[in-house]
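The block underneath contains the structure these notes are about, expressed in structure tokens.
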Amino acid sequence: NAGVTQTPKFRILKIGQSMTLQCTQDMNHNYMYWYRQDPGMGLKLIYYSVGAGITDKGEVPNGYNVSRSTTEDFPLRLELAAPSQTSVYFCASSQGLAPPEQFFGPGTRLTVL
Amino acid sequence: ELKVEQNPLFLSMQEGKNYTIYCNYSTTSDRLYWYRQDPGKSLESLFVLLSNGAVKQEGRLMASLDTKARLSTLHITAAVHDLSATYFCAVDMYSGGGADGLTFGKGTHLIIQP
């Protein structure tokens, strides 16, 4: 099992550009999440999904979009990148309720200049 | 709004010493998680605490949960340098469980010096 994988590992964007952060898990987990981590801070939830075709907003969804067409994949789309979106993005997945533990990918470090 | 507060946020300690990291949260929840993060790395799950009074131990780390006090502790016994990392506690975002995402504390940056 590769677990949760994310691509790319690093990316530099110019203001106004768009990009998609990819996330794939091979654990057959129904629940998937996107978090961002700003320097010296904890993680904040951007979006989450409880299964294919179902997504919902988290704490900080503005400027992002997601889709969930398969159980395995949960891409995060940034439209019109802004410097405030400079952060490290982590994707996570879990089985849900039993156990509820979330497993995290390696992260994507994004800089918007 | 759920708030999760950790203290201390920074801790420098010597090898061999004991110390405790505290995690307070603001709303009813019986599910609390501890993660470890090394610099530039992802989060590694340490403990999942699912009920009042839960206590889990792994090596020199022990975590406990008091849901009535809305408090969890992470105790380090006889610290060694390899435990240097940032430790996060996190709580389920909505009471009643479910898998709607976690609210994280700001993390405790732990440095253990020889």
Side-chain angles (χ1 to χ4, degrees), chain A residues 2-7 9-10 23 25 27 29-51 54-61 64 66 68 74 76 87-109, chain B residues 1-10 21 23-27 29-51 54 56 58 63 65 85-110:
Chain A
V4 181
T5 58
Q6 294 181 238
T7 57
K9 292 184 178 180
F10 304 94
C23 175
Q25 53 91 10
M27 297 175 282
H29 286 169
N30 284 324
Y31 293 77
M32 296 187 74
Y33 312 86
W34 275 105
Y35 294 90
R36 60 177 286 173
Q37 184 180 29
D38 297 327
M41 300 293 287
L43 280 68
K44 292 188 177 181
L45 183 67
I46 305 172
Y47 271 95
Y48 67 99
S49 170
V50 300
I54 306 170
T55 63
D56 209 345
K57 296 178 180 179
E59 186 181 0
V60 289
Y64 307 94
V66 293
R68 185 95 181 271
F74 190 39
L76 177 71
S87 191
V88 180
Y89 292 83
F90 289 101
C91 179
S93 72
S94 82
Q95 292 183 5
L97 295 179
E101 184 179 11
Q102 293 187 17
F103 297 89
F104 284 81
T108 294
R109 186 175 297 272
Chain B
E1 179 188 351
L2 172 59
K3 293 185 179 180
V4 180
E5 294 185 351
Q6 288 182 238
N7 70 85
L9 297 182
F10 181 83
I21 299 170
C23 176
N24 291 92
Y25 53 97
S26 62
T27 192
S29 177
D30 56 1
R31 297 147 65 99
L32 189 132
Y33 311 79
W34 284 98
Y35 287 90
R36 167 181 173 150
Q37 185 179 39
D38 292 306
K41 302 294 185 181
S42 185
L43 278 74
E44 173 190 358
S45 178
L46 293 175
F47 300 109
V48 179
L49 304 171
L50 299 178
S51 61
K56 290 194 173 181
E58 180 71 33
L65 177 62
T86 298
Y87 293 86
F88 292 96
C89 65
V91 179
D92 269 320
M93 194 161 284
Y94 301 105
S95 63
D100 300 331
L102 300 178
T103 298
F104 283 80
K106 290 184 177 180
T108 296
H109 184 53
L110 175 63

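The chains referred to below are lettered A, B, ... by the order of the sequence lines, with proteins before strands, and numbering in each begins at 1. If you're wondering where the values come from, they're calculated on a predicted model, not measured in any experiment.
Between A/Q102 atom CD and B/Y33 atom OH the span is 7.0 Å, to the nearest 0.5 Å.
Residue B/Q37 touches chain A through its side chain alone, counting heavy-atom pairs closer than 4.5 Å.
Chain A forms the most heavy-atom pairs under 4.5 Å with one residue out of B/K106, B/H109, B/E44, and that residue is B/K106.
Listed by chain and number, the residues in a ring-ring contact (aromatic ring centres under 6.0 Å, His included) with A/Y89 are A/Y64 (sequence neighbours excluded). Listed by chain and residue number, B/D38 satisfy the side-chain contact (heavy atoms from CB on, under 4.5 Å) test with B/K41 (two or more places apart in sequence, or in another chain).
Under a 3.5 Å cut-off, the side chain of A/Y35 and the backbone N or O of B/L102 do form a donor-acceptor pair.
In this structure the side chain of A/L43 reaches within 4.5 angstrom of the side chain of B/L43, judged on heavy atoms.
Taking both residues in full, the closest heavy atoms of A/P106 and B/S42 are given as CA-CB, 3.8 Å, listed atom of the first, atom of the second, then distance.
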